[in-house]
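Quick notes on the structure that follows.
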There are 2 protein chains.
Amino acid sequence: MLKKKITLKQIARELEVSISTVSKALKNSEEISRDTKEKIQAFAKLYNYKPNNIAISLKNKRTKNIGVVIPDIVHHFFTTVVRGIENFANKQGYNVIVCLSDESFDKEVINMEMLANGSIDGFIMSLSAGTEKKSDFNHLLEVTEQGIPLVLFDRVTDEVACDKVVIDDVLGAYQATVKLINEGRKRIALLTTEDFFSVSRNRNRGYEKALKDFGIRHDENLVLKLPFMDIDEVRISQFLNAIEPDAILSVNEIFGVYGMRVVQRKGLKVPDDISIIGFTDGLLAKHANPSITSVAQHGQLMGETAAKMLIERVENEMEEAPFRTKILEPTLIERDSTIN
Amino acid sequence: MLKKKITLKQIARELEVSISTVSKALKNSEEISRDTKEKIQAFAKLYNYKPNNIAISLKNKRTKNIGVVIPDIVHHFFTTVVRGIENFANKQGYNVIVCLSDESFDKEVINMEMLANGSIDGFIMSLSAGTEKKSDFNHLLEVTEQGIPLVLFDRVTDEVACDKVVIDDVLGAYQATVKLINEGRKRIALLTTEDFFSVSRNRNRGYEKALKDFGIRHDENLVLKLPFMDIDEVRISQFLNAIEPDAILSVNEIFGVYGMRVVQRKGLKVPDDISIIGFTDGLLAKHANPSITSVAQHGQLMGETAAKMLIERVENEMEEAPFRTKILEPTLIERDSTIN
DNA sequence: TATTAACACGAAACCGTTTTCGTAATTTCA
DNA sequence: TGAAATTACGAAAACGGTTTCGTGTTAATA
């Protein structure tokens, strides 16, 4: 007892009217008489008629789909962003197609090409590590040249003219570093990633700026640049043992957790002997023991903001509004890994 | 300098041939002469012609989109499932539309209706808490009656005839409980949720079965049923203080983490004084101190399996194969919260 | 040389809508 | 009563493809 969806054509045939009449009747057009409208509407309701989205998309050249391309989904920050996007987009009647680049340039390109041929009205994305490393943005340029709106978030680039939404990473790192300095910390270690990440670069800058502003010499030896993927706890351990810091600032959540574990294993008390602040306010920071003071990036807000910017572009295609970059303020969530 | 996508019609006009000829030439049809094909293909390449997905979807009545409806995305287990789905689906040329029901029955219904009008070829979903509580599955039945393939995973129901993929929750809880019994634990507390969750019910059964098999009396007082959402640490604390267990089995990750924190605060040593096992092998369990022994649910595999089942259905629409339920084996990941 | 086959292409239907425009039939007005 | 205006609907194009079938031209065959 398969009940396939009914079409305008079938309704028209059953009721012996034309397709146009059915279409108009269902839109309650003034053109159609009361009687005919009622008959058609009743019939349509009975058979649970719903217009076919694909046909409408073809007609309108609007899919009401947003393409979201992110490096990874098993990642707290990105999931909060996706939730924000979903949240806003759904309210506006848009669906979200999620693609994972898996931090790979090639996959990012393939994903975008798959979607760019009519499947979506616009992109929201965060650059993969591979793309940032390669510094090749032609796939983004192609998309924007075709007139497909694009909003970049978090991991962005200056080389593509489009809307962007980021948090003020410099400020976030600055505030975190100042917090540590105000506790009296002098040897603040920085756990960061290789340079090609825009966010890491900015966080490094905020760290350096704070040191400078407070007259603390910037010692390169206190900075450890780790490869992004698989974390090497041994290197963190050797590094921290060698430099003996009195505070640690980590540009992400996981380095902070590992750092804390290393110093705790050495017998140091957090935050009495050493303070720790991380970036990304995820579950780990919240549930660590002690819980870790973190710079919150407001992923959900970022997602909502990005979705809002994108949908505005999509729906005002005519107007050539200038591109904007929304800068969100980070928040330092004070927990038990720093002195209150 | 907007370079809008070129269409067959435009190519045909430029080259003064018919649309059919262009279409065939681009598919390398034998019908078209060498010369014409080369000319058309060269032109198409030059202008970077790519067929419009929407038009093809309309023609084929296939969108190459999969709809995934899950309760939440900021949740480790579901993200691993989504990754698995994405992974498999992408290889087969499918895109994934993710919708969040936010544990709400109404949102689940709305999401499905949005997608069921042609936007997708099939659904993969896990029931929202609201739906399980309400026990109303009409929206699922409507979809299957329309002939849209549906695969349910993890949170499933017997009331809908469709493909399913679950882990053997009874077995997982059984093995975990046995592990605790073998350590010599007698008073094994169970931290679980309200009864309407199918997975919790099954895990409770596995726990009870293990007790019975090993001749341990099942004491209802050792079981705490917590509301699903916002966790009440106070209740957990009162409960554990009252019953003084020598082991805790939690049906999820977070209850386990809270439970561990409570007993640690009381001065108990994990695992010397008390053992802890949780479900869902996420970041918290892995990075807790001590790390928590957990029943892994293999979310990614579950996602891949679901995607495989769905795509098989979609692509063999003619055959009325009987519905299958794939039962995945859980794995007990032994860590430091139990005695090795 | 007449017939047939092969070749190379175009016309048109189709997928399911929306929308413009044309036109019978009825009503209104002078 | 005849002309104009209104009513109520249908035909057809359009969105961007695919595919079947028909056909004019050339080449092969008898």
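Letters A, B, ... are given to chains in the order of the sequence lines, protein chains preceding strands, and every chain is numbered from 1.
- Axis orientation changes by 70° from one end of the helix from C:dT1-D:dA30 to C:dA30-D:dT1 to the other, with each end axis drawn from 5 pairs and the value rounded to 10°.
- Note that CD1 of B:I97 is 11.5 Å distant from CD1 of A:I120, once rounded to the nearest 0.5 Å.
- Among the nucleotides C:dA11, C:dC9, C:dG16, the one closest to any side-chain atom of B:S20 is C:dA11.
- Here the side chain of B:D121 pairs no donor or acceptor atom with the backbone of B:V314 at under 3.5 angstrom.
- Under the 4.0 Å criterion applied to side-chain N and carboxylate O atoms, B:D102 and A:R83 are not assigned as salt-bridge partners.
- One finds a salt bridge joining B:E312 and B:K308 here, because a Lys/Arg side-chain nitrogen approaches an Asp/Glu carboxylate oxygen to under 4.0 Å.
- A straight line from CD of A:E30 to C1' of D:dC9 spans 15 Å, rounded to a whole angstrom.
- When the nucleotides D:dT20, D:dT19, C:dC15 are ranked by their closest atom to the side chain of B:E31, D:dT20 comes out on top.
- For NZ of B:K37, the number of neighbouring non-hydrogen atoms (other residues, nucleotides, ligands) closer than 6.0 Å is greater than 12.
- Salt bridge absent: A:E14 and A:K9 never bring a charged side-chain N and a carboxylate O closer than 4.0 Å.
- In the set C:dC21, C:dA11, C:dT17, the nucleotide with an atom closest to the side chain of A:I19 is C:dT17.
- Contacts with DNA chain C (heavy atom under 4.0 Å) in residues 43-58 of chain B: B:L58, listed by number.
- Within a 6.0 Å sphere centred on NZ of B:K3, other residues, nucleotides and ligands contribute 12 heavy atoms or fewer.
- In terms of polar N and O atoms assigned as donor or acceptor, the side chain of B:K61 never comes within less than 3.5 Å of the base of C:dG16 in a complementary pairing.
- To the nearest angstrom, P of D:dA8 lies 14 Å from NZ of A:K39.
- Remark: the A:K59 side chain and the C:dT18 base include a donor-acceptor N/O pair separated by less than 3.5 Å.
- Heavy-atom minimum distance, B:I11 versus B:A44: CD1-CB, 4.2 Å.
- Counting only heavy atoms from C-beta on, A:T21 has its side chain closest to D:dC9 among D:dG17, D:dC9, C:dT17.
- Scanning both residues, B:E132 and B:S198, for their nearest heavy atoms gives OE1-N, 3.3 Å.
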